[in-house]
Engineer: 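Sharing a structure below in C-alpha cells format, with a few things to ask.
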Amino acid sequence: MTDAVLPYGRQTIEEDDIAAVAEALRADFLTTGPLVEAFETAFAEQVGAAHAVACANGTAALHLAMLALDVAPGEVCIAPAITFLATANCARYVGAEVVFADVDPDTGLMTPDTLAQALEKVGDRRLRAVLPVHLRGDVAELPALARLAGEAGAVLVEDAPHALGSTATFGNTVERVGDVRHSAMATFSFHPVKTIATGEGGMVTTHDPVLAHRLRTLRSHGMVRPEGCEPWWYEMPEPGFNYRLPDILCALGLSQLGKLDRFAARRKALAARYQAALAPLAPALKIAATPAWSDPVLHLMVALIDFPGLGLTRLKVVEALKARGVGTQVHYIPVNRQPYYVARYGEQRLAGADAWYDRCLSLPLYPGMAEADVDRVVAALKDVLGL
C-alpha cells in the first residue's frame with residue numbers, strides 16, 4: 001500500500017508482532033525474564049556468533065563494548081568520520097580520545113588506506129580499538145582492517161546497526177555480519193528504522209566468553225552474586241549501568257527476527273529497482289557504491305548527487321521532494337565537524353568524508369514500500385533535478 005508521504009525509513013509491525021508483545025505483557029516478567037535469553041540465543045544463532053548480549057539500545061551496546069575492553073582515559077579509539085555520533089562518543093564516555101579516519105567518498109566506508117592514515121595520527125598513545133562502521137548495510141573490508149589494527153596492538157569493534165542480514169565474501173568464504181571472525185565484538189541497534197525493530201534496543205555479539213560475561217554484568221549495574229551466597233546477596237566489584245532490554249521488547253525482537261529473511265529479500269528487491277531506475281541519471285546522480293566483496297541488506301538507499309553541477313542546493317531538493325510527498329534524510333554530517341570535537345581536536349579536513357557529505361541524500365527504503373513507491377521517488381527526483 002502506497003503511503004501518502006514516504007519517510008526515508010520506518011518499521012514494519014504486523015499483527016503477530018503485536019500478539020507476541022501482548023502475550024509477554026500477560027506473562028510474569030516485564031523487565032528481565034526468559035524472553036531476553038531467548039532473543040539472545042536466537043540472534044546469536046542467526047548471525048553465527050557464540051554469544052549475543054541484549055541491551056537498551058545501539059549506543060549502550062557501543063558503550064558496553066568499550067567498558068568490556070577496559071578502554072581507559074588517555075587511550076585512543078579510531079572511528080570513521082561518516083557515522084552517527086555514538087560511534088565516536090562511546091570512546092569519550094570512558095575517557096578515551098578519538099582519532100577520526102577518513103572514508104571512501106563513494107562508499108562512505110573506512111578503508112585500509114584511510115585507517116593507515118589515521119594510525120599515523122595516534123602517535124605514541126596507546127591504541128585500543130578501531131570501530132569500522134558497515135555504513136548503509138555495506139560491509140567494510142574487515143580482514144585488512146583487522147590486520148592493520150592488530151599490527152597496531154588494537155582490536156576491531158564492528159559498529160553494525162545498518163548491516164543485520166548483510167554478508168561479505170573474503171577469499172572463498174561467505175561471512176555474516178555479526179559472526180565476529182575478525183573482531184572482538186559487533187554491535188547492533190533495533191531502532192524502528194533498522195532492519196528489525198524493538199522500539200529501542202541493542203545487541204553485542206562476541207565469541208569471547210569473558211567479554212560476554214563482562215557485558216552482561218556491566219549492563220546490570222555491575223552486580224554479581226558470588227557462588228554459595230545468600231539468595232538476597234549481591235556485590236558490585238565495579239559500577240555498571242542499567243542497560244537492560246525488557247522482556248516485552250525482546251518479545252517483539254524475537255517476532256521480528258523470524259521475519260529477517262523476508263525483510264532482507266524485500267529490501268534487496270527495492271534496492272535493485274532503485275539501481276535500475278536511477279542508473280540513467282549518472283553522473284549527476286549515482287547510488288552509493290557497493291564494494292566487490294559486500295552483499296548488503298541495505299538499511300539506507302543513499303544517492304550521491306552533484307548539487308552544484310545541477311545548479312541546485314540540497315535544501316531546495318529536500319524541500320521540493322517533501323512537497324511531492326517524498327521524505328529524505330542526510331547520513332551523515334562528518335562527526336569531526338561537530339562543535340564538541342572541533343573544540344577538542346581543532347578543525348580537520350577529511351576529503352573523502354567531505355565529498356560524501358556534500359553529495360549524499362538518503363531516499364525512502366523500507367519493506368512496507370511497494371514497487372510503485374520506488375517509481376514515485378524516481379519520478380519526483382527526475383522532476384526536481386531536471387533530469
Side-chain angles (χ1 to χ4, degrees), residues 55-105 107-111 114-123 125-136 138 140 142 145 148-149 152 154-163 183-189 191 194 202 204 241 243 299-300 329-357 360:
C55 58
N57 50 60
T59 301
L62 285 164
H63 187 193
L64 286 170
M66 297 298 97
L67 292 166
L69 289 172
D70 292 314
V71 178
E75 295 178 336
V76 174
C77 296
I78 295 177
I82 296 297
T83 183
F84 185 58
L85 303 170
T87 314
N89 289 352
C90 70
R92 295 297 304 134
Y93 295 159
V94 295
E97 302 299 335
V98 182
V99 168
F100 289 103
D102 204 356
V103 300
D104 181 283
T107 68
L109 296 172
M110 179 195 294
T111 70
T114 64
L115 175 56
Q117 294 163 13
L119 287 169
E120 294 178 358
K121 301 176 185 177
V122 175
R125 296 172 293 177
R126 185 183 184 194
L127 178 68
R128 291 302 310 281
V130 175
L131 293 93
V133 175
H134 302 311
L135 189 72
R136 300 170 292 105
D138 266 317
L142 291 173
L145 296 176
L148 286 169
V155 298
L156 291 190
V157 175
E158 299 171 60
D159 192 7
H162 293 191
S183 60
M185 289 169 279
T187 66
F188 294 86
S189 166
H191 183 275
K194 299 303 193 297
V204 186
F241 296 81
Y243 280 166
H299 160 55
L300 299 172
Q329 188 53 273
V330 173
H331 297 92
Y332 294 98
I333 302 169
V335 185
N336 58 286
R337 293 192 190 182
Q338 293 300 327
Y340 173 85
Y341 288 110
V342 172
R344 190 166 190 87
Y345 303 126
E347 299 237 359
Q348 302 176 59
R349 303 302 298 175
L350 297 172
D354 291 341
W356 172 272
Y357 171 68
C360 69

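Hydrogens, waters and symmetry mates play no part in the numbers below; they use all other heavy atoms, side chains included.
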Engineer: Please answer whether the main-chain N or O of Thr107 pairs with a side-chain N or O of Arg136 as donor and acceptor at a distance below 3.5 Å.
Structural biologist: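 At least one qualifying donor-acceptor pair exists.
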Engineer: Sequence neighbours left out, what passes salt bridge (charged side-chain N to carboxylate O under 4.0 Å, His left out) with Arg125? Give chain and number order.
Structural biologist: none
Engineer: Taking atom types as modelled and ignoring hydrogens, do the side chains of Glu97 and Tyr345 form a donor-acceptor contact shorter than 3.5 angstrom?
Structural biologist: yes
Engineer: Report the residues that fulfil salt bridge (charged side-chain N to carboxylate O under 4.0 Å, His left out) with Asp102, sequence neighbours left out, ordered by chain and then residue number.
Structural biologist: none
Engineer: Report the relative orientation of the aromatic rings in Phe100 and Tyr341; use parallel for angles under 30°, tilted for 30 to 60°, perpendicular for over 60°.
Structural biologist: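 Taking Tyr341 first and then Phe100, their aromatic rings stand perpendicular (interplane angle over 60°).
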Engineer: State which residue, out of Leu135, Asp104, Leu109, fulfils the side-chain contact (heavy atoms from CB on, under 4.5 Å) condition with Trp356.
Structural biologist: Leu135
Engineer: Once you measure the plane-to-plane angle for His299 and His162, does it fall in the parallel (<30°), tilted (30-60°) or perpendicular (>60°) bin?
Structural biologist: tilted
Engineer: Can a side-chain donor-acceptor contact be found between Arg92 and Tyr340 if the only test is distance below 3.5 angstrom?
Structural biologist: yes
Engineer: Restricting to pairs with a member in residues 55-66, which pass side-chain hydrogen bond (donor to acceptor under 3.5 Å, both in side chains), not counting sequence neighbours?
Structural biologist: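 Qualifying pairs: His63-Tyr243.
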Engineer: Measure from the side-chain N and O atoms of Ser183 to the backbone N and O of Ala186, and report whether any donor-acceptor pair falls under 3.5 Å.
Structural biologist: no
Engineer: Are Asp70 and Arg128 within salt-bridge range, i.e. N to O under 4.0 Å?
Structural biologist: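 No salt bridge links Asp70 with Arg128.
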Engineer: In terms of heavy-atom contacts, does CD1 of Ile333 have more than 12 from other residues, nucleotides or ligands at under 6.0 Å?
Structural biologist: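 No, not enclosed.
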